[in-house]
> 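Have a look at the structure that comes next, please.
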Amino acid sequence: MSDLAYTRARQLPEILRQRIAVLDGAMGTMIQRLKLTEAHYRGAGGPAGVDARLVDWPRDLKGNNDLLSITRPDVIAAIHEQYLAAGADLIETNTFGATSIAQADYGLQDWAREMNLASARLARAACDKFSAPHKPRFVAGSVGPTPRTASISPDVKDPGARNVTFEQLRAAYQEQILALIEGGADVLLVETIFDTLNAKAALFAIEEAFDATGERLPVMISGTVTDASGRLLSGQTVTAFWYSVRHARPLSVGLNCALGAALMRPYLQELARAAGDTFISCYPNAGLPNPMSDTGFDETPAITSGLVHGFAQEGLVNIVGGCCGTTPDHISAISRAVQGQGARRVFGGG
């Protein structure tokens, strides 16, 4: 680890003790607004034109947002910079689906390492551009859940069936994580967890990557409550979820996506009570889906930021941001809403 990277790794926990930090908003929402075509996903209109490897690619690539870090880096860099200009302290790499398992749907499983490396470098460059001594910016390497689950059968007629193994998940995550570290990530964010067993594979792969590289980055963990039952899709309450992952000694644990801030509050309260010695993050959707809305979700920046402000006043959070449907306007409003609010106190000093 370089001296600068080591300094950043030490800065973030100290910032979280002093104030509430702001994470960026939705990458997918911003990309959808651009109405990119199949040609754009292959590189048309970008700085290097269509990628020669994709000219005759046999599968549709539109919607594979992780690929844009290679084919349209200008698009991804611009989105990062919009969120940084809005006040984000941390920005996520464009790698939510950049595992070989997820990319196999497009036949691009062999591109996974390249996607993660390119994405991390883009986020690193953006953060370096916007960082200042009084406001350093941090790259959060996004590690998504994959479209396959180790705990739940894909066949309703066969509860014991699985379409992925722990070992396959571990190997795919390790490839992703090594590239994120090499590309300059400051922290690793295992996010949108709906299956704790998938998350455990990611956390195991992170430890392997740390052993292999000799570097140890802070780790953030964020689960997703899928409905009013207050449970993850794989069945755990948020308290049970926390006790299943606390062995990783994460910098933070939190909730994102799914219900939106209004419906997320009781589960965030439960998690904050259970994880008293760990920083708490929350980056909700902009309410519930609404196909008639510009962002596809109901809440305006004023509504979302008002709800997040309530979390801050209640002393529930150390990191806040936005998930699906949120934009730089949402993040700007959230940043203003939590400015001056005290950070949640962590027993033992974090």
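Computed from a predicted structure; not experimentally measured.
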> Looking at R170 and E175, is there a salt bridge between them, counting it only when a charged N and a carboxylate O are closer than 4.0 Å?
no
> Show your working on salt bridge (charged side-chain N to carboxylate O under 4.0 Å, His left out) between R265 and E270 and close with a plain yes or no.
CA-CA 9 Å; R265 183 180 177 187; E270 178 185 348; over 6 Å; no
> Can M27 be reached from F96 by stepping across I, L, V, M, F, W or Y side chains whose heavy atoms are under 4.5 Å apart?
no
> For a salt bridge (charged side-chain N to carboxylate O under 4.0 Å, His left out) check, start with the C-alpha distance between E14 and R19, then their side-chain angles and the critical distance, and finish with the verdict.
CA-CA 9 Å; E14 187 58 36; R19 64 175 177 86; over 6 Å; no
> Are L316 and L307 linked, directly or through intermediate hydrophobic residues, by side-chain heavy-atom contacts shorter than 4.5 Å (ILVMFWY only)?
no
> Heavy atoms, side chains only, cut-off 4.5 Å: are Q11 and F138 in contact?
yes
> If the test is side-chain contact (heavy atoms from CB on, under 4.5 Å), which one of L16, I280, V317 qualifies with R344?
I280
> Would a distance-only check, ignoring hydrogens and angles, find a side-chain to backbone donor-acceptor pair under 3.5 Å from T213 to A209?
yes
> One pair to check against side-chain hydrogen bond (donor to acceptor under 3.5 Å, both in side chains): D227 and S229. What are the steps and the verdict?
CA-CA 5 Å; D227 56 38; S229 71; 2.4 Å; yes
> Considering only heavy atoms from C-beta outward, does the side chain of L23 approach that of V320 to under 4.5 Å?
no
> Using side-chain contact (heavy atoms from CB on, under 4.5 Å) as the criterion, point out the one residue from D51, V50, V55, D56 that pairs with R53.
D51
> I'd like to check H330 versus T300 (side-chain heavy atoms, cut-off strictly below 4.5 Å). Are they in contact?
no
> Can you name the closest pair of heavy atoms from P218 and D186 and give their distance?
CD-O, 3.2 Å
> For the residue pair S153 / D158, report whether a side-chain donor-acceptor contact shorter than 3.5 Å exists.
no
> List the atom of Q176, the atom of N116, and the distance in Å for their closest heavy-atom pair.
CG-OD1, 2.9 Å
> Quick one, N94 with S69, criterion side-chain hydrogen bond (donor to acceptor under 3.5 Å, both in side chains). Give me CA distance, side-chain angles, the key distance, then yes/no.
CA-CA 7 Å; N94 179 41; S69 293; 3.0 Å; yes
> Going through the distances and angles, do R72 and D74 end up as a salt bridge (charged side-chain N to carboxylate O under 4.0 Å, His left out)?
CA-CA 5 Å; R72 290 300 305 267; D74 54 321; 2.8 Å; yes
> Please step through side-chain contact (heavy atoms from CB on, under 4.5 Å) for the pair L217 and V187, ending with a clear verdict.
CA-CA 5 Å; L217 304 182; V187 58; 5.6 Å; no
> Are F210 and L178 connected in the hydrophobic side-chain network, where two residues link if heavy atoms are under 4.5 Å apart?
no
> Between Y283 and E191, is there a side-chain donor-acceptor contact under 3.5 Å, judged purely by atom types and distance?
yes
> Side-chain donor-acceptor pair under 3.5 Å between T29 and R33, yes or no?
no
> Determine whether R231 and V225 satisfy the following criterion, side-chain contact (heavy atoms from CB on, under 4.5 Å), listing intermediate values before the conclusion.
CA-CA 5 Å; R231 295 174 181 268; V225 173; 6.0 Å; no
> Do Y173 and L197 land in one hydrophobic cluster if side-chain heavy atoms of ILVMFWY residues count as linked below 4.5 Å?
no
> Nearest heavy-atom pair of I79 and I31: which atoms, and what distance?
CD1-CG1, 3.7 Å
> Go through L288 and F297 one step at a time and tell me if the side-chain contact (heavy atoms from CB on, under 4.5 Å) criterion holds.
CA-CA 6 Å; L288 298 176; F297 286 80; 5.8 Å; no
> Taking the side chain as C-beta and beyond, is there a heavy-atom pair between R42 and L61 under 4.5 Å?
yes
> Before you tell me yes or no, could you show the steps for L169 and F204 under side-chain contact (heavy atoms from CB on, under 4.5 Å), namely the whole-Å CA-CA distance, both residues' side-chain angles and the distance that decides it to 0.1 Å?
CA-CA 10 Å; L169 288 165; F204 189 86; over 6 Å; no
> When you look at CD of Q313, are more than 12 heavy atoms from neighbouring residues, nucleotides or ligands closer to it than 6.0 Å?
yes
> Go through E182 and R113 one step at a time and tell me if the salt bridge (charged side-chain N to carboxylate O under 4.0 Å, His left out) criterion holds.
CA-CA 10 Å; E182 182 179 343; R113 171 179 158 74; 2.9 Å; yes
> Look at the side-chain heavy atoms of Ile, Leu, Val, Met, Phe, Trp and Tyr, link any pair under 4.5 Å apart, and say whether I193 and L271 land in one connected group.
yes
> Less than 4.5 Å apart, side chain to side chain, heavy atoms only: is that true for C323 and C257?
yes
> Please give me the minimum heavy-atom distance between V139 and G184, naming the atom from each residue.
CB-O, 4.1 Å
> State whether the side chain of K135 and the backbone N or O of F130 hold a donor-acceptor pair below 3.5 Å, judged by distance alone.
no
> Is the side chain of N65 donor-acceptor paired with the backbone N or O of G28 at a distance under 3.5 Å, no angle test?
no
> Can you find a heavy atom in the side chain of T224 that is under 4.5 Å from one in the side chain of L232?
no
> Please answer whether the main-chain N or O of A240 pairs with a side-chain N or O of S244 as donor and acceptor at a distance below 3.5 Å.
yes
> Does some side-chain heavy atom of L233 sit less than 4.5 Å from a side-chain heavy atom of I152?
yes
> I'd like to know if the side chain of D24 reaches the main chain of A88, judged simply by a donor and an acceptor atom lying under 3.5 Å from each other, with no hydrogens or angles considered.
no
> Identify the heavy atoms of A205 and Q174 that sit nearest to each other, and give their distance.
CB-N, 3.6 Å
> May I have the list of side-chain donor-acceptor pairs in residues 100-112 shorter than 3.5 Å, sequence neighbours left out?
| residue | atom | partner | partner atom | Å |
| --- | --- | --- | --- | --- |
| Q103 | OE1 | N64 | ND2 | 2.8 |
| Q103 | NE2 | N64 | OD1 | 3.1 |
| Q103 | NE2 | G97 | O | 3.0 |

> Heavy atoms, side chains only, cut-off 4.5 Å: are K62 and H40 in contact?
no
> Using every non-hydrogen atom in the two residues, find where A77 and L122 come nearest and quote the distance to one decimal.
CB-CD2, 4.3 Å
